[in-house]
Amino acid sequence: MNQWSSGIVNIRFPPDMSKQAFVFPKESENSYVSLTAQLRKPLIAFTVCLQAYTDLTRDYSLFSYATKKQNNEILLFKGQKGAYSVSVGGADVFFKLPERSPAPMHFCVTWESHSGITELWVDGKPMVRRSLKKGYNVETDASIILGQEQDSFGGGFDKGQSFVGDIGDVNMWDFVLSPDEINNVYQGSIFSPNVIDWQELKYKAYGEVFIKPQLWS
């Protein structure tokens with residue numbers, strides 16, 4: 001694929017991103033990918049899964065879902081010293097992962113409104129459950145961004161929080177996947193994602209982004 005250094009490119013091919021990944025090769029305040037959700041209704045539950053590969057040790061964003069009312073409607077964010085935060089409706093919970101050498105990592109985040117139970121799964125293994133925004137509804141008409149963290153709707157990017165590396169296999173459902181289903185997704189099976197579907201992805205790339213074969217199996 002071609003390299004993009006500025007402006008906007010509406011990428012139409014390949015429509016099926018299987019075995020492909022978005023590559024963000026360097027720090028930037030203007031390189032990112034915008035995703036379009038296939039389902040537009042308030043969410044009372046969700047699961048987001050993705051693969052990421054980076055050797056960054058600083059803060060960075062993995063998945064940023066903002067609405068005009070709330071910048072961090074849904075956010076998966078890597079802090080320093082192995083801490084990951086999950087945000088829903090602007091509130092945060094934190095998960096501490098053991099230190100590890102750089103390697104491709106698979107993440108799944110689940111949340112349900114009626115209990116507030118929030119889960120983070122890493123490489124098919126669950127972290128200890130947390131509680132977050134019980135009774136909340138996640139708004140739609142969202143700006144969904146890979147590669148940057150939104151401090152305003154569709155913008156407010158900080159170069160020091162930009163992602164450098166590869167992101168792929170981004171899928172989202174409007175319900176909580178079961179533990180068996182999450183493990184199957186980690187192994188490569190997909191269960192008809194109805195919010196974001198990597199195999200029928202609607203997206204636009206901005207700045208310098210590449211599409212390359214995945215480095216994970």
Side-chain angles (χ1 to χ4, degrees), residues 8 10-12 15-18 22 32-52 61-77 84-93 106-121 126 129-156 167-186 189-206:
I8 175 174
N10 188 349
I11 310 164
R12 298 182 181 276
D16 182 351
M17 289 285 288
S18 298
F22 292 120
Y32 62 98
V33 175
S34 174
L35 307 181
T36 300
Q38 299 180 162
L39 187 67
R40 295 182 179 274
K41 67 177 183 179
L43 299 174
I44 58 173
F46 66 78
T47 302
V48 176
C49 295
L50 60 86
Q51 288 267 13
S61 174
L62 283 165
F63 183 89
S64 177
Y65 177 118
T67 64
K68 293 181 179 179
K69 294 181 180 179
Q70 178 52 251
N71 298 336
N72 295 335
E73 189 77 318
I74 302 172
L75 177 66
L76 176 58
F77 190 85
Y84 287 78
S85 63
V86 174
S87 304
V88 175
D92 311 311
V93 290
H106 185 268
F107 298 90
C108 284
V109 175
T110 77
W111 172 82
E112 59 183 18
S113 176
H114 81 269
S115 69
I117 293 297
T118 307
E119 299 177 357
L120 176 64
W121 293 69
R129 292 177 172 124
R130 300 284 192 262
S131 178
L132 182 63
K133 296 294 281 190
K134 181 179 178 181
Y136 187 75
N137 285 358
V138 171
E139 295 291 331
T140 52
D141 295 326
S143 169
I144 306 173
I145 299 294
L146 304 177
Q148 303 281 353
E149 194 244 331
Q150 301 173 82
D151 288 331
S152 62
F153 186 80
I167 295 180
D169 295 328
V170 183
N171 292 287
M172 184 174 181
W173 298 257
D174 68 343
F175 56 91
V176 173
L177 295 183
S178 71
D180 285 344
E181 289 171 333
I182 288 175
N183 272 288
N184 286 336
V185 170
Y186 170 57
S189 298
I190 300 298
F191 297 90
S192 300
N194 60 351
V195 181
I196 298 171
D197 186 343
W198 188 250
Q199 295 183 350
E200 297 182 6
L201 197 66
K202 298 178 180 179
Y203 64 93
K204 295 178 182 178
Y206 298 75

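Because the structure is predicted, anything quoted here is derived from the model rather than measured. What's counted below: heavy atoms across the whole structure, side chains too, no hydrogens, waters or symmetry copies.
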Can you check whether Lys133 reaches Thr118 side chain to side chain, under 4.5 Å on heavy atoms?
-> no
CZ (Phe63) and CD1 (Ile167) are apart, to the nearest 0.5 Å, by 10.0 Å
For the pair Ile74 and Met172, evaluate side chain to side chain contact (heavy atoms under 4.5 Å, CB included) and give the outcome as yes or no after the intermediate values.
-> CA-CA 12 Å; Ile74 302 172; Met172 184 174 181; 3.7 Å; yes
Non-neighbouring partners of Asn137 that pass side chain to side chain donor-acceptor pair (under 3.5 Å), sequence neighbours left out | none
Does the side chain of Thr110 come within less than 4.5 Å of Ile182's, by heavy atoms?
-> yes
Hey, does the side chain of Trp198 reach the backbone of Asn171 with a donor-acceptor pair shorter than 3.5 angstrom?
-> no
Can you measure from NE2 (His114) to NZ (Lys134) and round to the nearest 0.5 angstrom?
-> 8.5 Å
More than 12 heavy atoms of other residues, nucleotides or ligands under 6.0 Å from CD1 of Ile117: is that the case?
-> yes
Is any side-chain heavy atom of Leu50 less than 4.5 Å from a side-chain heavy atom of Asp169?
-> no
Hits for salt bridge (Lys or Arg N to Asp or Glu O under 4.0 Å) against Arg129, two or more places apart or cross-chain, chain-then-number order -> Glu119
Note, Tyr136 side chain near Glu73 side chain (heavy atom, < 4.5 Å) = yes
Side chain to side chain contact (heavy atoms under 4.5 Å, CB included) between Trp111 and Val48, intermediate numbers included | CA-CA 9 Å; Trp111 172 82; Val48 176; over 6 Å; no
Non-hydrogen side-chain atoms of Leu76 and Val86 separated by less than 4.5 Å | yes
So how far is it from Ser87 OG to Leu75 CG, rounded to the nearest 0.5 Å?
-> 4.5 Å
Are any non-hydrogen side-chain atoms of Cys49 and Trp121 less than 4.5 angstrom apart?
-> no
Heavy atoms of Phe191 and Glu181 approach each other most closely as CE1-O, 3.5 Å
For Tyr84, which residues count as a ring pair (Phe, Tyr, Trp, His ring centres under 6.0 Å) partner, sequence neighbours excluded?
-> Phe107
Go through the structure and list residues passing ring pair (Phe, Tyr, Trp, His ring centres under 6.0 Å) with Tyr32, not counting sequence neighbours.
-> Phe157, Tyr206
Sub-4.5 Å side-chain heavy-atom contact between Leu201 and Phe22 = yes
Rounded to the nearest 0.5 Å, the CD atom of Glu149 sits from the OG atom of Ser64 at a distance of 5.5 Å
With sequence neighbours excluded, residues passing ring pair (Phe, Tyr, Trp, His ring centres under 6.0 Å) with Phe77 | none
With the side chain counted from C-beta on, respond yes when Lys41 and Asp174 share a heavy-atom pair under 4.5 Å apart, and no when they do not.
-> yes
Rounded to the nearest 0.5 Å, how far does OG of Ser152 lie from NZ of Lys68?
-> 12.0 Å
Enumerate donor-acceptor pairs with a distance under 3.5 Å from any side-chain N or O in residues 138-147 to protein atoms, sequence neighbours excluded.
unit_1: Asp141; atom_1: OD1; unit_2: Arg40; atom_2: NH1; d: 3.4
unit_1: Ser143; atom_1: OG; unit_2: Gln150; atom_2: OE1; d: 2.7

To the nearest 0.5 angstrom, please state how far the OG atom of Ser61 sits from the CG atom of Asp151.
-> 10.0 Å
For a side chain to side chain contact (heavy atoms under 4.5 Å, CB included) with Trp173, tell me which candidate from Val185, Ile196, Asp197 qualifies.
-> Val185
